[in-house]
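In what follows, a single structure is set out as structure tokens and then discussed.
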Amino acid sequence: MAINGDDEKPLQKISEAFIELANTVKNNSQTSDQEVGVQLETAPFSHACSLVSPLFGCLGIAFKFAEMDYVAKVHDLGEAAKSLGTLQIMIDQEVEANCVRKAGSHTRNLLRVKRGLDMVRVLFEQIIATEFWLMSLDTGLKEHIAASKPYGNSLKNAASTAYAQALAPYHGWAIRKAVAAGMYALPTKAQLLKRLNEDGE
């Protein structure tokens, strides 16, 4: 069953939203004053990030804590967008108020959202790298791997790598151990793609 129970393709929506942000940054960098820098509006950024939220839910219990934290932080950025037009304005105001490191500050929440995005990026990079590796094998070896272990269908290595690179350095021992235990409950790649309505059916 897909995330929303319909024909929506969340990965396509995410891709389109971030391509639009990238185009905005590219266009602004070509026309903006170098001293001012690129101004990224908070609302479209928050919206694009909100589209990523369902991905955490699709990964199961191992990333439930990350999903809850990510959703809360993205919601905060959405609320901040009502009064703070750009991310730079938001950051500048909090730097001036010396509250960047305070729990619950918009800037700290932005950092947490960035880490969540990094984890998702690394996860999909790892999935793609595994696919390319499997495609490069000769047919006999592919069949052997498929018969002995669903290596190409497992998300454990990709998710472990993504977590280790993006989130683990900022988590304490207890959270790292809980995530490690939850890795055994991850969906398979095929199950993830089905949940994301990307299974080709």
Side-chain angles (χ1 to χ4, degrees), residues 1-15 17-18 46 48-77 103 108-137 141-201:
M1 178 191 296
I3 288 176
N4 300 320
D6 56 24
D7 291 335
E8 286 191 24
K9 298 213 177 259
L11 295 180
Q12 183 177 346
K13 287 178 130 181
I14 293 166
S15 174
F18 279 94
S46 172
C49 293
S50 73
L51 297 174
V52 176
S53 300
L55 295 179
F56 288 100
C58 289
L59 293 172
I61 194 73
F63 291 96
K64 188 65 179 173
F65 74 94
E67 176 188 18
M68 294 181 336
D69 188 55
Y70 182 86
V71 168
K73 304 315 186 222
V74 170
H75 177 74
D76 174 70
L77 293 178
R108 188 170 179 195
N109 289 343
L110 176 62
L111 177 61
R112 299 272 177 95
V113 168
K114 181 222 177 268
R115 289 176 183 161
L117 293 173
D118 285 344
M119 199 222 61
V120 170
R121 176 188 51 80
V122 174
L123 173 68
F124 280 94
E125 286 174 352
Q126 292 298 308
I127 290 170
I128 291 167
T130 301
E131 283 295 309
F132 281 126
W133 177 76
L134 287 172
M135 288 188 312
S136 72
L137 299 176
L141 192 52
K142 281 184 202 175
E143 289 171 3
H144 174 72
I145 289 173
S148 64
K149 182 180 179 185
Y151 185 82
N153 201 28
S154 174
L155 289 179
K156 187 174 181 290
N157 289 339
S160 295
T161 299
Y163 176 74
Q165 287 183 19
L167 299 177
Y170 310 103
H171 290 162
W173 178 86
I175 292 176
R176 289 194 310 268
K177 288 298 178 188
V179 171
M183 290 293 179
Y184 293 98
L186 284 169
T188 64
K189 185 177 73 173
Q191 290 168 333
L192 174 65
L193 293 175
K194 186 170 183 81
R195 291 175 187 175
L196 294 171
N197 203 21
E198 296 287 346
D199 58 351
E201 292 180 12

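Note that the numbering runs from 1 along the sequence shown for the chain.
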So, taking the atom named [atom1] in [X] and the one named [atom2] in [Y], what distance separates them when rounded to the nearest 0.5 Å?
X	Y	atom1	atom2	value
Ile14	Leu196	CD1	CG	7.5 Å
Ser154	Met183	OG	CE	10.5 Å
Leu11	Phe124	CG	CZ	5.0 Å
Thr161	Leu155	OG1	CG	11.5 Å
Leu193	Ile127	CG	CD1	7.0 Å
Leu186	Ser160	CG	OG	7.0 Å

Task: Main-chain N/O of Leu110 paired to Lys73 side chain as donor or acceptor, under 3.5 Å - done: no

TODO: Classify the angle between the aromatic ring planes of Phe65 and Tyr163 as parallel (below 30°), tilted (30 to 60°) or perpendicular (above 60°).
DONE: perpendicular

Open item on the list: The criterion is side-chain hydrogen bond (donor to acceptor under 3.5 Å, both in side chains); which residues satisfy it with His75, sequence neighbours excluded?
Closed with: none

- [ ] Output all residues satisfying salt bridge (charged side-chain N to carboxylate O under 4.0 Å, His left out) with Lys177, sequence neighbours left out; order by chain, then residue number.
- [x] none

Task: Sequence-distant partners of Arg121, salt bridge (charged side-chain N to carboxylate O under 4.0 Å, His left out), two or more places apart - done: Asp118, Glu125

Might you point out which heavy atoms bring [X] and [Y] nearest each other, and give the distance in Å?
X	Y	result
Pro187	Leu59	CD-O, 3.5 Å
Ala48	Ala17	CB-CB, 3.7 Å
Ser50	Pro54	O-CD, 3.8 Å

Residues two or more places apart in sequence or in another chain: which of them pass side-chain contact (heavy atoms from CB on, under 4.5 Å) with [X]?
X	value
Val71	Ser53, Glu67
Arg115	Leu111, Arg112, Leu167, Tyr170
Thr188	Asn153, Ala190, Gln191

Open item on the list: In the structure I gave you, are the side-chain heavy atoms of Met119 and Phe63 within less than 4.5 Å of one another anywhere?
Closed with: yes

Task: Heavy-atom side-chain contact between Leu51 and Phe18 under 4.5 Å - done: no

